[in-house]
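The figures that follow rest on heavy atoms only: side chains count, while hydrogens, waters and symmetry mates do not. Everything numeric in this text was worked out from a predicted model, so none of it was measured.
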Amino acid sequence: MNATEPVIGSEYDAGDIAWTLTSTALVWLMIPGIGYFYSGMARSKNALSLIMLSCCSIAVVTVQWFLFGYSLAFSKTGSKMIGNFENAFFRGVLDQPSVGNSKVPDLVFMLFQGMFAALTPALAIGAAAERGRIVPTLVFIFLWTTFVYDFIACWTWSPNGWSFVMGGLDFAGGTPVHISSGAAALAYAIVLGKRSGDQKDFRPHSMSNVVIGTCFIWFGWFGFNGGSALSANLRAAMACVVTNLSASTGGLTWVLLDYRHDRKLSVLGFCSGAVAGLVAITPGSGFVSPASSVAIGFLGAIACNMAVRLKHYLKYDDAFDVFAVHGVGGIVGNILTGIFAQSWVAALDGTTVIDGGWLDGNWIQVAYQLADSAAGLAWSFGVTYLILVIMNKIPGLNLRADAHHEHTGLDLAELGEPCYGHQDDKGGVDTRVEVGEANSGTQSVESLGGKA
């Protein structure tokens with residue numbers, strides 16, 4: 001190469017690229033964190049399958065993202081609803097300015113956004129825990145990412161997307177990640193039906209796994225929200241500040257709500273509230289002040305706590321309350337972003353100009369947020385339901401495990417490996433691995449939001 005020729009990509013700030021790549025790794029860590037969170041809330045005989053599915057979500061979506069997923073979501077010549085195949089197989093994805101931020105090249109932006117795409121179906125499949133077959137679930141992840149996630153990501157974040165053009169504010173994924181996964185979880189729970197067995201047996205088997213998963217998720221969320229600035233600047237720092245504040249407020253709020261009923265400081269309640277606070281702050285994390293984030297964490301936790309009761313009234317079995325926490329939390333977060341967004345926060349990156357929300361006198365913003373939320377909810381639920389119904393009619397892709405496998409547990413029935421390796425003298429799984437079901441505490445998954 002001629003010494004006078006510039007190095008490819010030298011026009012970009014190395015600090016911005018480094019922060020975005022670091023954030024990519026942080027978001028990756030959230031995905032096995034989801035697996036640990038879900039595995040702890042399941043019975044021990046299904047714990048390993050949930051960790052496995054979360055990790056497989058990374059693999060399946062990474063391949064889909066390479067084939068055409070990134071192109072469908074972020075091609076620069078896409079339509080208002082969906083992109084095209086211009087960047088299929090990562091063609092032309094290298095050193096050109098990305099659609100997300102001209103300060104970051106396509107290659108870095110593609111990798112960062114790929115983690116969001118991999119994380120979202122990992123959230124949704126929690127609704128099918130303990131009864132959904134693994135291979136059909138992997139097929140579902142591929143199809144769902146293509147026909148649901150890529151569409152919503154395009155209209156939310158692509159400069160050509162209808163919600164982006166309309167003026168909707170979604171900094172890090174209130175609609176593409178949380179509302180879409182929550183709605184998909186609701187559809188999955190309805191199509192699969194309820195788990196077999198006594199509801200009293202559906203207790204978390206390992207609260208330590210739940211706490212570990214929560215720590216991974218909370219830690220990774222600094223990259224999830226802070227990294228969405230796509231630059232190492234004050235706006236990224238503010239996103240991290242409000243993320244931590246909202247999660248802390250949400251966790252404390254949920255604990256106090258549950259304390260009213262049980263007079264106990266629930267660990268599961270704290271973890272659930274922290275996640276609810278993280279979900280609620282996501283769309284507004286690059287638009288709201290620290291004081292506003294406290295209100296968002298508080299209101300988000302209350303809304304999600306109350307929404308847990310929906311499954312009792314509507315008679316569906318969302319095993320880990322994915323719709324209540326992510327669906328409802330995403331909707332609440334979107335609406336509150338329309339209220340609390342402020343132009344001075346967005347301007348901390350030196351380039352972004354918005355009209356703000358109600359605090360800045362922009363009264364139409366909540367209507368934009370409602371339109372985006374309703375569209376994401378309807379699209380995700382409707383398309384997910386259609387995918388699942390069609391899959392269920394295809395031989396070999398029936399979604400639900402048979403009764404014997406469900407009773408045995410998916411770890412042994414489909415993976416052939418227990419999560420906990422204690423063996424008895426006859427080579428079978430020692431019943432001691434089930435002790436956690438009896439002794440992990442009195443709180444059930446059904447009490448995630450307090451007494452019904």
Side-chain angles (χ1 to χ4, degrees), residues 18-34 36-37 112 115-116 119 123 169-174 177-178 210-257 265-305 325-326 329-330 332-334 336-337 339-342 344-346 348-349 359:
W19 169 240
T20 306
L21 290 176
T22 301
S23 297
T24 300
L26 290 173
V27 178
W28 187 97
L29 188 63
M30 293 172 65
I31 303 174
I34 293 167
Y36 270 91
F37 187 92
F112 178 68
M115 295 302 103
F116 283 64
L119 178 144
L123 292 172
L169 299 177
D170 193 337
F171 189 67
V177 176
H178 298 300
V210 174
V211 173
I212 290 171
T214 302
C215 292
F216 282 177
I217 291 168
W218 194 333
F219 180 69
W221 223 293
F222 287 104
F224 193 86
N225 287 352
S228 292
L230 297 172
S231 183
N233 56 33
L234 271 179
R235 194 180 187 196
M238 181 63 79
C240 291
V241 169
V242 299
T243 296
N244 200 46
L245 269 172
S246 183
S248 301
T249 304
L252 295 173
T253 300
W254 199 302
V255 166
L256 294 176
L257 289 171
L265 299 174
S266 166
V267 175
L268 182 57
F270 178 79
C271 293
S272 302
V275 173
L278 291 166
V279 170
I281 195 60
T282 293
S285 54
F287 304 112
V288 303
S289 69
S292 295
S293 71
V294 174
I296 290 172
F298 176 72
L299 295 172
I302 291 176
C304 294
N305 185 286
V325 175
H326 293 275
V332 170
N334 271 359
L336 293 178
T337 298
I339 295 173
F340 291 114
Q342 293 182 275
W344 72 267
V345 178
L348 289 174
D349 61 7
L359 290 186

Between the SG atom in C240 and the CG atom in L245, the distance rounded to the nearest 0.5 Å is 11.5 Å
Sub-4.5 Å side-chain heavy-atom contact between V177 and H326
no
Measuring only between side-chain heavy atoms, which start at C-beta, is F287 closer than 4.5 Å to R235?
yes
What I'd like to find out is whether the side chain of W254 reaches to under 4.5 Å of the side chain of S266, using heavy atoms alone.
no
Applying side chain to side chain donor-acceptor pair (under 3.5 Å) to W218 and not counting sequence neighbours gives N244
Please name all residues satisfying side-chain contact (heavy atoms from CB on, under 4.5 Å) with L359, sequence neighbours left out, ordered by chain then number.
S292, F340, Q342
Set of residues satisfying side-chain contact (heavy atoms from CB on, under 4.5 Å) with respect to M115, sequence neighbours excluded
T24, V27, W28
Hits for ring-ring contact (aromatic ring centres under 6.0 Å, His included) against Y36, two or more places apart or cross-chain, chain-then-number order -> none
Output yes when a side-chain donor or acceptor of W19 lies under 3.5 Å from a complementary backbone atom of G226, and no otherwise.
yes
Could you check if a side-chain atom of I302 sits within less than 4.5 angstrom of a side-chain atom of L257, using non-hydrogen atoms only?
yes
Keeping S246 on the side-chain end and V242 on the backbone end, is there a donor-acceptor pair under 3.5 Å?
no
Output all residues satisfying side-chain contact (heavy atoms from CB on, under 4.5 Å) with V210, sequence neighbours left out; order by chain, then residue number.
F37, M41, M207, T214, L268, C271
For the residue pair S289 and M238, establish whether any side-chain heavy-atom pair is separated by less than 4.5 Å.
no
Going by side-chain contact (heavy atoms from CB on, under 4.5 Å), name the residues that satisfy it together with S228, two or more places apart in sequence or in a different chain.
F112, F116, F171, A172
